[in-house]
Number of protein chains: 2
Amino acid sequence: MADRIALPPQLSQIPLFQGLPEPALTDILQHSQARRVEKDSFLFMQGDPADHLYVLMEGRAKLCQVTSEGQQVILKFAAPWEMIGGLAIVGGGIYPVCCMVAEDSRVMSWSTTVLEGLLQRYPLIAINATRWMSNHVKETQQLFTQLATERVEQRLAHTLLRLISQMGQEQAEGMALDITLTRQDLAEMSGTTLFTVSRILNQWEKQGLVEAGRERVRVKSPHGLVVIARDLKL
Amino acid sequence: MADRIALPPQLSQIPLFQGLPEPALTDILQHSQARRVEKDSFLFMQGDPADHLYVLMEGRAKLCQVTSEGQQVILKFAAPWEMIGGLAIVGGGIYPVCCMVAEDSRVMSWSTTVLEGLLQRYPLIAINATRWMSNHVKETQQLFTQLATERVEQRLAHTLLRLISQMGQEQAEGMALDITLTRQDLAEMSGTTLFTVSRILNQWEKQGLVEAGRERVRVKSPHGLVVIARDLKL
DNA sequence: CGACGGGTTGACGGTTGTCAAACCTTGTGG
DNA sequence: CCACAAGGTTTGACAACCGTCAACCCGTCG
């Protein structure tokens, strides 16, 4: 238990704890555990009992689902101060996804038992959880619809736009993504193969829309991608 | 408000109200509104303010999302005693989908304002809501992964299996679906076109797996569909 | 240096979407 | 009762899209 650590201002920004008074936040912080996790390790695997809720403090994590045939799908990249494994708020389930830490990171976590106590003391948390989950549902439904109706090129454009709006860094020219992102990762986020991603990215590079390096992508013209994502055909 | 209506036993089975004592259920029932809705009308449209939570008492409803290009995707068919528009539990949002009533039905509903009061009185509802939403997220994520990794034939098999497990009726030979279900509907549930659905269904009919009539499908061999869904290639 | 992991490119073909035409079923109105 | 319209379905031809596979390139690291 961490009781000398200063209350990080971001704690009140976490969807689950929004609107809580400061004493409650202190209480919550004192019941949290913090630890470092290194790149390529897993916070949890798909199918594990969902017994911990995590919040990323530093670093990146990716949430993926693996099919019975072994194909992997990336549902989401998580940036600092996002909740991971929100499912653990209600005990008794198992994680439907696995969470792989994409670079050296720090996380804080709460066990389901601790969360139960917090839920008792601060009923607002349950309301917040519902709101967070309903947003989560919305996002996932939108992803589904895009996957069902768009062609690969549009989906890849949407994927990149989502990434830069979530964690892109403004630059002189366009937006940069500071995460290591292989073609394979992009493929697994867009429901396609790394070959197709490679081809599309090269084509876009020739058109001056992006700069694609090894495990790196910079979006030079977000607007250009919007045009593609909407299928406005120039 | 309905205060002479007997407490329907199913009320306690609704995910949101599970575990509540009988007086609470009576209270909840008294704050509900019931009405008939006729086929092809809408409970709500995508983009409307999410101000009512519905429960289907009789009939069928489909939840769909329409893209900016006008393509439709069906996210789910709802059977009696399923919740619709669970998003309305937390006020202030807009429906991300629209709900079309697929046959003459009866629904009960609660406005967000009423729900707020219920949430105050029975905090368990918030917990239940979280649990329901997290299931919802799980389901949607699974749909997404299937759409991202499977070929049309497998997805269509999964769609049919989902439908019969949700509301199929056991029969001498296989399972019947008593809903009107066009090829177009199946296409919008599986992320494909009605032409492809038609072809696959005819092929399956020749193999004796299904019987496909106008707006009707009977699954004669669920097991056969499982084989296809898993891509076991005979 | 050689191994390795990520990336690129080309050839090929399967899966599916697109479109047009015709068919069938159902319900309606004369 | 028939004719007709409307909507669901089938089928074929065609081609676009995109996945598969093999070969190769390139930079990094031990």
Side-chain angles (χ1 to χ4, degrees), chain A residues 39-40 62 67 69-74 100 102-103 146-160 177 179-207 210-218 228 231 233, chain B residues 39-40 62 67 69-74 100 102-103 146-159 177 179-207 210-218 228-229 231 233:
Chain A
K39 181 171 163 144
D40 293 335
K62 60 183 182 190
T67 70
E69 265 84 37
Q71 284 186 83
Q72 201 174 109
V73 170
I74 300 178
M100 183 183 173
E103 51 184 75
Q146 286 179 1
L147 186 54
T149 59
E150 297 176 352
R151 281 169 304 107
V152 173
E153 200 180 0
Q154 299 172 262
R155 302 202 304 261
L156 183 57
H158 271 128
T159 298
L160 283 177
L177 289 170
I179 47 175
T180 67
L181 201 62
T182 65
R183 305 290 181 267
Q184 179 71 33
D185 287 329
L186 285 170
E188 288 173 3
M189 295 185 79
S190 312
T192 181
T193 63
L194 74 143
F195 306 100
T196 303
V197 170
S198 174
R199 280 181 238 274
I200 294 177
L201 244 33
N202 282 28
Q203 180 192 328
W204 285 352
E205 188 149 31
K206 276 175 202 139
Q207 296 171 17
V210 303
E211 269 174 38
R214 182 188 168 88
E215 295 185 323
R216 280 268 175 305
V217 179
R218 267 182 14 91
I228 290 171
D231 197 21
K233 321 204 175 203
Chain B
K39 181 173 164 146
D40 293 337
K62 61 183 181 190
T67 70
E69 265 85 35
Q71 284 186 84
Q72 202 173 107
V73 170
I74 299 178
M100 184 182 174
E103 51 185 73
Q146 287 179 0
L147 186 55
T149 58
E150 298 175 353
R151 280 169 304 107
V152 173
E153 200 180 3
Q154 299 172 261
R155 302 202 304 261
L156 183 56
H158 271 127
T159 299
L177 289 169
I179 47 174
T180 67
L181 200 64
T182 65
R183 305 289 180 267
Q184 178 72 34
D185 287 329
L186 284 170
E188 288 172 3
M189 295 185 79
S190 312
T192 179
T193 64
L194 74 147
F195 305 100
T196 304
V197 170
S198 175
R199 280 183 238 273
I200 293 177
L201 245 32
N202 281 35
Q203 180 194 327
W204 286 350
E205 188 149 31
K206 276 174 203 139
Q207 296 172 16
V210 302
E211 269 175 36
R214 182 192 169 89
E215 295 186 323
R216 281 267 172 307
V217 179
R218 265 181 17 91
I228 291 171
D231 198 20
K233 319 205 177 203

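Each chain gets a letter, A, B and so on, in the order its sequence line appears, and its residues count up from 1. Computed from a predicted model, the values in this text were never measured in an experiment.
Between the CD atom of B:Q71 and the C1' atom of C:dT18 there is a distance of 12 Å, given to the nearest Å. Straight-line distance from the CD atom of A:E150 to the C1' atom of D:dC18: 16 Å, rounded to whole Å. Here the C1' atom of nucleotide D:dG8 and the CG atom of B:L181 are 13 Å apart, to the nearest Å. Distance, A:R151 CZ to D:dC17 P: 6 Å, rounded to whole Å. If you take CD of A:E211 and P of C:dG7, they are 16 Å apart, rounded to a whole angstrom. Rounded to whole Å, the distance from CD on A:E153 to P on D:dC17 is 9 Å. Rounded to an integer number of Å, the gap from CG of A:L156 to C1' of D:dG19 is 16 Å. One interatomic measurement links the two molecules: CD of B:E69 to P of C:dT18, which rounds to 12 Å at whole-angstrom precision.
A:L186 has its side chain within reach of A:L160: a pair of non-hydrogen atoms, C-beta onward, lies under 4.5 Å apart. Residues A:R183 and A:L201 have side chains in contact (heavy-atom distance under 4.5 Å, counting atoms from C-beta outward). Between B:R151 and B:D231, the closest side-chain pair of non-hydrogen atoms falls below 4.5 Å. Within the 4.5 Å cutoff, no side-chain heavy atoms of B:R218 are placed close to those of B:V210. Side-chain contact between B:R199 and B:V152 is absent, with no heavy atoms from C-beta onward closer than 4.5 Å. Two residues are said to be in side-chain contact when any heavy atoms from C-beta on lie closer than 4.5 Å; A:K39 and A:T180 meet this criterion.
Proximity of residues 198-205 of chain B to DNA chain C (heavy atom under 4.0 angstrom from any strand atom) is restricted to B:R199.
Although no hydrogens or angles enter the test, the distance criterion places a donor-acceptor pair under 3.5 Å between the side chain of B:E205 and the main chain of B:A212. Under the 3.5 Å distance criterion, the side-chain polar atoms of A:E188 are left unmatched by any main-chain donor or acceptor of A:V73.
When the side chain to side chain donor-acceptor pair (under 3.5 Å) test is applied to A:E215, no partner is found at least two apart in sequence or on another chain. Under the side chain to side chain donor-acceptor pair (under 3.5 Å) criterion, B:S190 pairs with B:T159, sequence neighbours left out.
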Tabulate protein N/O versus nucleotide N/O from nucleotides 3-7 of chain D, keeping only pairs under 3.5 Å, one per line.
| residue | atom | partner | partner atom | Å |
| --- | --- | --- | --- | --- |
| D:dG7 | N2 | B:R214 | NH1 | 3.2 |

Might you list the N or O atoms of the protein lying below 3.5 Å from N or O atoms in nucleotides 14-16 of chain D, with each pair's distance?
none

Table of protein N/O atoms under 3.5 Å from nucleotides 22-25 of chain D N/O atoms:
none

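For A:T196 and D:dG19, the shortest distance from a side-chain N or O to OP1 or OP2 is below 4.0 Å. Within the structure, every side-chain polar atom (N or O) of B:T193 is placed at least 4.0 Å from both OP1 and OP2 of C:dT18.
Once rounded to the nearest 0.5 Å, the distance linking CZ of B:R216 with CD of B:E211 reads 12.5 Å. With rounding to the nearest 0.5 angstrom, the CD atom of B:E69 is 7.5 Å from the CD atom of A:E150. We find the CG-CD1 distance between B:L156 and B:I200 to be 5.5 Å, quoted to the nearest 0.5 Å.
In terms of heavy-atom proximity, B:A157 sits nearest to B:I228 at CB-CG2, 4.1 Å.
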